Amino acid sequence: MGCVAWSLTVWARAYCDAGYEAGGRFELNFLLPLVVGGEALVGLVAQAVGRHVVLRAPTAVRVALPTLFVAGATVGLAWWFFATRGTLDGYPGDSGLCPPSNVPPQWPDWIPV
C-alpha cells in the first residue's frame with residue numbers, strides 16, 4: 001500500500017506539474033522508503049492492537065478484526081500521504097490541466113483531499 005500511495009502521489013504531481021521540478025522529485029524519492037516503512041510499521045501495530053482487543057472473542061472475530069484494523073490503518077495512512085504530499089494546494093502548476101488546488105480532475109469527488 002505504501003508503494004501505491006507513493007505512485008499515486010507522483011502521478012498527481014506529474015499530471016498537474018505542481019512540485020514536480022528537481023527538488024520535488026528528490027523529495028518524493030527520499031520519501032519512498034519512509035512511506036513504505038511507515039505503512040509496514042502501522043500495519044504491524046494495527047495487527048498487534050487487533051489481536052490484543054480480541055483475546056477472548058469468537059474465532060471469526062479473532063480472524064477478521066486484526067485484518068480490518070490493518071486495512072483501515074494502511075488505507076488511512078496512504079490517503080493522508082496523498083492528500084498532504086500529492087495535492088499541493090496553491091502551488092503554481094504549469095500543466096494547465098488542474099485547478100489551483102492541484103487535485104487532478106480524475107480524482108473522485110467523494111474522496112476528500
Side-chain angles (χ1 to χ4, degrees):
M1 185 58 86
C3 288
V4 170
W6 183 82
S7 297
L8 183 62
T9 301
V10 170
W11 167 78
R13 280 196 182 185
Y15 185 82
C16 295
D17 197 24
Y20 201 63
E21 67 279 345
R25 286 194 304 268
F26 176 75
E27 173 198 12
L28 291 174
N29 288 332
F30 179 74
L31 289 175
L32 175 62
L34 297 175
V35 172
V36 173
E39 287 280 343
L41 182 63
V42 164
L44 290 173
V45 169
Q47 185 177 22
V49 168
R51 287 187 179 184
H52 182 69
V53 167
V54 294
L55 287 176
R56 298 178 191 259
T59 304
V61 174
R62 278 196 314 250
V63 171
L65 196 60
T67 305
L68 290 175
F69 275 16
V70 169
T74 55
V75 167
L77 185 60
W79 168 77
W80 173 84
F81 181 72
F82 174 76
T84 58
R85 302 309 319 150
T87 58
L88 304 174
D89 190 18
Y91 195 94
D94 295 335
S95 71
L97 300 172
C98 297
S101 65
N102 290 319
V103 177
Q106 299 90 344
W107 187 253
D109 292 333
W110 54 271
I111 302 177
V113 288

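Bear in mind that the values here come from a model prediction, so they are computed numbers and not experimental data.
- Between the side chain of Gln47 and the main chain of Thr67, no donor-acceptor pair closer than 3.5 Å is present.
- Applying the disulfide bond (SG atoms under 2.5 Å apart) test to every pair with at least one member in residues 72-113, sequence neighbours left out, gives these pairs: Cys16-Cys98.
- Within a 6.0 Å sphere centred on CZ of Arg25, other residues, nucleotides and ligands contribute more than 12 heavy atoms.
- Heavy-atom minimum distance, Pro66 versus Val61: CD-O, 3.9 Å.
- Under the 4.5 Å side-chain heavy-atom criterion for Ile, Leu, Val, Met, Phe, Trp and Tyr, Phe69 and Val63 are members of distinct hydrophobic clusters.
- A search for side chain to side chain donor-acceptor pair (under 3.5 Å) contacts involving Glu27 returns Arg13, Arg85, not counting sequence neighbours.
- Cluster annotation: Phe30 and Leu41 are assigned to distinct hydrophobic clusters (Ile/Leu/Val/Met/Phe/Trp/Tyr, side-chain heavy-atom contacts under 4.5 Å, transitive).
- Between Asp89 atom CG and Thr84 atom OG1 the span is 12.5 Å, to the nearest 0.5 Å.
- When side chains are defined from C-beta on, Trp79 counts as touching Pro112, because their heavy atoms get closer than 4.5 Å.
- One hydrophobic cluster, built from ILVMFWY side chains closer than 4.5 Å, holds both Leu65 and Val45.
- Cluster annotation: Ile111 is connected to Phe81 through the hydrophobic network of ILVMFWY side chains, with a link wherever side-chain heavy atoms come within less than 4.5 Å.
- Here the side chains of Pro104 and Trp11 are in contact, with some heavy-atom distance below 4.5 Å.
- A donor-acceptor contact shorter than 3.5 Å is absent between the side chain of Trp6 and the backbone of Leu31.
- Transitive grouping of hydrophobic side chains (ILVMFWY, heavy atoms separated by less than 4.5 Å) brings Phe82 and Trp80 into a common cluster.
- For Thr74 against Val42, the heavy-atom pair with the smallest separation is N-CG1, 4.4 Å.
- A side chain to side chain donor-acceptor pair (under 3.5 Å) check over residues 96-111, counting only residues at least two apart or in different chains, returns the pairs Tyr15-Gln106.
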